[in-house]
Structure formats: C-alpha cells, structure tokens
Amino acid sequence: MSRLWRRFLAWRGGGAGWFSTLAADCRYALRQMLHSPGFSAVAAVSLALGIAANTTVFSLVDAMWFRALPVRDPARVVRVAPLAADGRSSGVSWPEYDHLRRRATTLSALAAHYSTAPFQVRAGGESAEVQGAVVSANYFSLLGVKPVLGRFIRPEASRTRWSG
C-alpha cells in the first residue's frame, strides 16, 4: 500500500490519525511562514484586502437587491408611471396625479414622488445643502414609516389650485 493511500485512510478514519496530520500540516505551515516573513505578510495583507472587498460588495448587493423595502407591506407597493413613446418611464403632472388618485379603484392609496432636488436646511445656526424629494402629503403614511423627529407633511400642504 502506498504512503499517500495510508495517509488518506488515516485521515478518513478520524481520531488521532486525522488530528495528528492536521497538527503536522499546521507546524509545517508555521515553519514556512517564519522562514519567509515578507512573503507571509504580503500574503496575509492580500487575503485581508480580498476578504474586505468581497464583504463590502456582498453587503451592497444584499442591501440593494435582496432585502425587502423598509416599509409596512413591501409586497403591495407598486410604481405606476406612464411610458413615453420611446418606451422609457415618464412622469405625470400634479393634475394627472390628482385625477388618478381620485379615480383609482384597484389601489388602496396613491402617492406622488415628483423628483429629487437639493434643499437648504438650517439647524443650530448652521446651513447645509441636502438632497430631498418633492412628494405628496400621503407619501410617508402610505409607506408606513414614521418620523424620527418632528412631523410629516400635513394634508393641507398638498392643496394646489388644481386639487381645490
């Protein structure tokens, strides 16, 4: 019987044979690492960077595509938007949104998200530009989210000359 075959049987059999082989392999690896510390350091840093990059990419992909939306009932949230002649999604005006909202019978509620825009926010004497969105008053209540601080938009804030 060959030496390799005997080692395989000892490993497969478990017990002291398997553990002694593992211990011998670890001692050999440690001796090799101490023999060339520069190469060992480069290998360790390369492994660390590779693991960090993979963890970062997986975390982003998981957050963007695999997790459910942080809203009350994500399976029931849909986006309704008309298509332009070239097949791309286009927006609707406030009168069109108001018309759809008043006549929607298959949807429990309809909210509007117009566009993102920069806003100036002032707090504690300091001013900063933040990205915000122009939305209808029922936008956050429809999604089932609550403000951490302050209040959401009041319904009367959405009234325009078109919606009365």
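To the nearest 0.5 Å, the span separating CZ on Phe58 from CG on Leu60 amounts to 11.0 Å. One finds the CG atom of Leu34 at 4.5 Å from the CG atom of Leu30 (value rounded to the nearest 0.5 Å). Here the straight-line distance linking atom CD of Gln131 with atom CZ of Phe119 works out to 9.0 Å at 0.5 Å rounding. In this structure, CG on Leu143 lies 9.0 Å from CG on Asn138, to the nearest 0.5 angstrom.
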For residues 40-52, run the donor-acceptor check on the side chains, cut-off 3.5 Å, and write out each pair with its distance to 0.1 Å, sequence neighbours left out.
from: Ser40; atom 1: OG; to: Met33; atom 2: O; distance (Å): 3.1
from: Ser40; atom 1: OG; to: Ser36; atom 2: O; distance (Å): 3.0
from: Ser46; atom 1: OG; to: Val42; atom 2: O; distance (Å): 2.8

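Every residue two or more places apart in sequence or in another chain that forms a side chain to side chain contact (heavy atoms under 4.5 Å, CB included) with Leu110 is listed here: Tyr97, Leu100, Arg101, Leu107.
Contact of the Arg31 side chain with the Arg27 side chain is registered, since non-hydrogen atoms from C-beta on lie closer than 4.5 Å.
Between the side chains of Arg103 and His99, at least one donor-acceptor pair of N or O atoms lies under 3.5 Å. Using a 3.5 Å distance cut-off with no hydrogens or angles, the side chains of Gln120 and Ser127 do pair a donor with an acceptor.
Nearest heavy atoms, Phe152 versus Pro147: CE1-CD, 3.1 Å.
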